[in-house]
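In what follows, chains carry the letters A, B, and so on, assigned in the order in which the sequence lines appear, proteins first and then strands, with residues in each chain numbered from 1.
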Amino acid sequence: MSDTVPTLERLPPNALTLFRLSGLIRIAVYGVLGSFAAFILSRTGLGGWAWLFPGAAVLVCGVLAAWYPPRAHQRWGWALREHDLLIAHGVLVRRLVSIPAGRIQHVDVHQGPIERALGLARLQVYTASGGGADGEIPGLARETADALREKLVRREADDVV
Amino acid sequence: MSSETPAPVPEPEEVPWKMLSPRAPLAALFPILGIVVRPLLGAIIPAFFMKGGGLPVLLWGFIFLFAAVSAAALLYDVATLRYRVVGAHLEIRSGVFTKTSRFIEAARVQNTEVLQPFVSKLLGLVELKVETASGQKAEGHLRGLTPRDAQALIDALHAARGHEAPALAPAGAPGAAEGEVLARMRLVDLLRYGATATGLGVLAVVMGALNELVEAFHEWMLPWMSARWAALAKPGMGWASAVLVVLAGLLVLWLVNVVLAVLRFHGFRLVDTGRHFRAMGGLFTSRQVTVRRERIQQVVLDEPLLRRWLGFGSVEVETAGVRAGREPAERAELVVPVVPSDRMEALVERLIPGLPATLGALSLRPAHPKSLLRARIRSVGVSVLVATPATFLLWPWGVLAWALLPLQLVGAWFDWRFQGWLITEGLVVVRQGFWRRRTTVLQRSRIQSVKAVQGPLERGYGIGHVQVAVAGSHVILPCVSWDEAWRLIDALPSPRRIRQPPPGVRDLPGAADGGTPSAPDAGSIGCK
């Protein structure tokens, strides 16, 4: 990798707990939906075989839930530089996003119930490019998210739309 | 916009409200019926084909009552809509149960569009769409203005931005165009454009028509064929029939494309008024699109192989307004359908100045060599995914699907070989595709974000691709090495112009250096 690569700030350790809990909730939701479908199918003559697919799916998701969060946590990183905000993330598909200073239209800080319990927040950065947030950093410490938001919104706006 | 001086702001109560024409509800009737009925089609069409077994009468009554109330509410909304330009804002008030006031800052307007659908043309009215960068549809949509009122509103928006001169020639007065005519379409141009178009939407229309034709075939053609079965069953007639069907399908596709091109672009002209580019045309629905020069985000040259052979291409101009559409030409705010190849550079230079050389002479950087291997692997994957089930399901003719493999491999090489990218002092130029060559030119000062992406396969080869987003659109550069992608992240956006922070923004303790982050808070912010 080139020497232009900056050192990125990493997410706090309890962000890993957030990723794990989110994964478990997702498995629970898919598991309930799959079990419901399997229950309906088991009444149509498929019998016990109907439980095979949702069972396998939950098993695979369980393995993924153990394997994925530490790697995702390790890959998340960000840096607020003089000319841009840099965000890096992704386990299978790696992404590096640069949002130039002055292009930011607005910044959102979200806190769900789990994030609130863990003292974390999700920062979303929007530009005029449309189609949702251009940059997102989940699992930031609430104080860091607030400080970062303040620094981002107080930068000069170029208004180059 | 810093150069634009806002007009003196009158008191809001001094500015009178303006209403739409009294005939506006009549002009809006058909579009509103379309809006109301379209979501119900999913229920109405299956019920229609079920004939006797459809929905009960009471349910039909509820559906029609709901549609009628919705249409009446929308019509009342049109009849009571008021608007005015106060200071630097267009204010629109509407609503029956929920009153809505919408403020659109004149300086934020990306483009305006004057439409004259067939019914409006009969009533002597026009529709005006005012687009900003904020959404998928026009933020201000006034149905049923007189051409004079539409013109007055456009002029008022123009004046609110600090310009004294009228913005446009009056809608529906083609002879009164001021400015230099950059492009003009003749009927023969539109026939060439339509005949070489291959839109997915057209394919959908043709497939729908074929469905109807199959029914007609059973009703009319089958008895005729049964009477002549001996002649039709001779050896070789199967192939002849297949060729005839394919030719007939192509002919229908060609005809639909030609008709659509004439409907959309009849009498098309592109005019440079100095501050704006204005395009107008359309057979039944006249359309006049005005794009401010400084609002152009990117220009795309669309040159499919067939059109290149015939010596022309199309030019799409995109602003920050976001439009929905299947085809890129539908999503662009302004399209010049036919531009001779030798005049394309002059037009691009007018739309986005600053190309360092002619388009043909630009020394574009090629895609990374390893991206060819990636493209080949993808081609093989796609071919296997299509051909394997085809072989089993359509044996023995399904084997023919494996012909896709060499075609895909050749196509991948051509697409890889003829793509390229270039970064000049002020522009980014990206060329992609061989069969359908698309060259995108965008200004670096318009870049909103840059994204480098590396999939698992790309990681194996040490390559990645870079996506550059401008307002309302984006372009993907050909594959580059991952190190190069990191460098582009820094190099692509041009340096920002320094401007003071807007009033009311409070200073952070210890950050009084004009917004540049210095010492990170608690060691958590900043690049180490």
Chain B interface, residue from A:Leu92, A:Val125, A:Val97, A:Val91 that has the most non-hydrogen pairs under 4.5 Å: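 Top count of heavy-atom pairs under 4.5 Å with chain B: A:Leu92.
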
Pick one of side chain, backbone, both or neither for B:Val453, based on which atoms fall under 4.5 Å of a heavy atom in chain A.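 For B:Val453, backbone and side chain are both near chain A.
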
With rounding to the nearest 0.5 angstrom, report the [atom1] to [atom2] distance, [X] to [Y].
| X | Y | atom1 | atom2 | answer |
| --- | --- | --- | --- | --- |
| A:Ser129 | B:Gln297 | OG | CD | 10.0 Å |
| A:Arg103 | B:Ile447 | CZ | CD1 | 7.5 Å |
| A:Leu86 | B:Ile489 | CG | CD1 | 6.5 Å |
| B:Gln448 | A:Gln105 | CD | CD | 6.5 Å |

Do the non-hydrogen side-chain atoms of B:Pro493 and A:Asp84 ever get within less than 4.5 Å of each other?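 In short, these two side chains do not touch, never coming nearer than 4.5 Å.
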
Is the shortest distance from a Lys or Arg side-chain nitrogen in B:Lys451 or A:Asp134 to a carboxylate oxygen in the other one below 4.0 Å? no

Check the pair A:Val93 / B:Glu458 against side chain to side chain contact (heavy atoms under 4.5 Å, CB included), numbers first and verdict last. CA-CA 9 Å; A:Val93 178; B:Glu458 288 172 319; over 6 Å; no

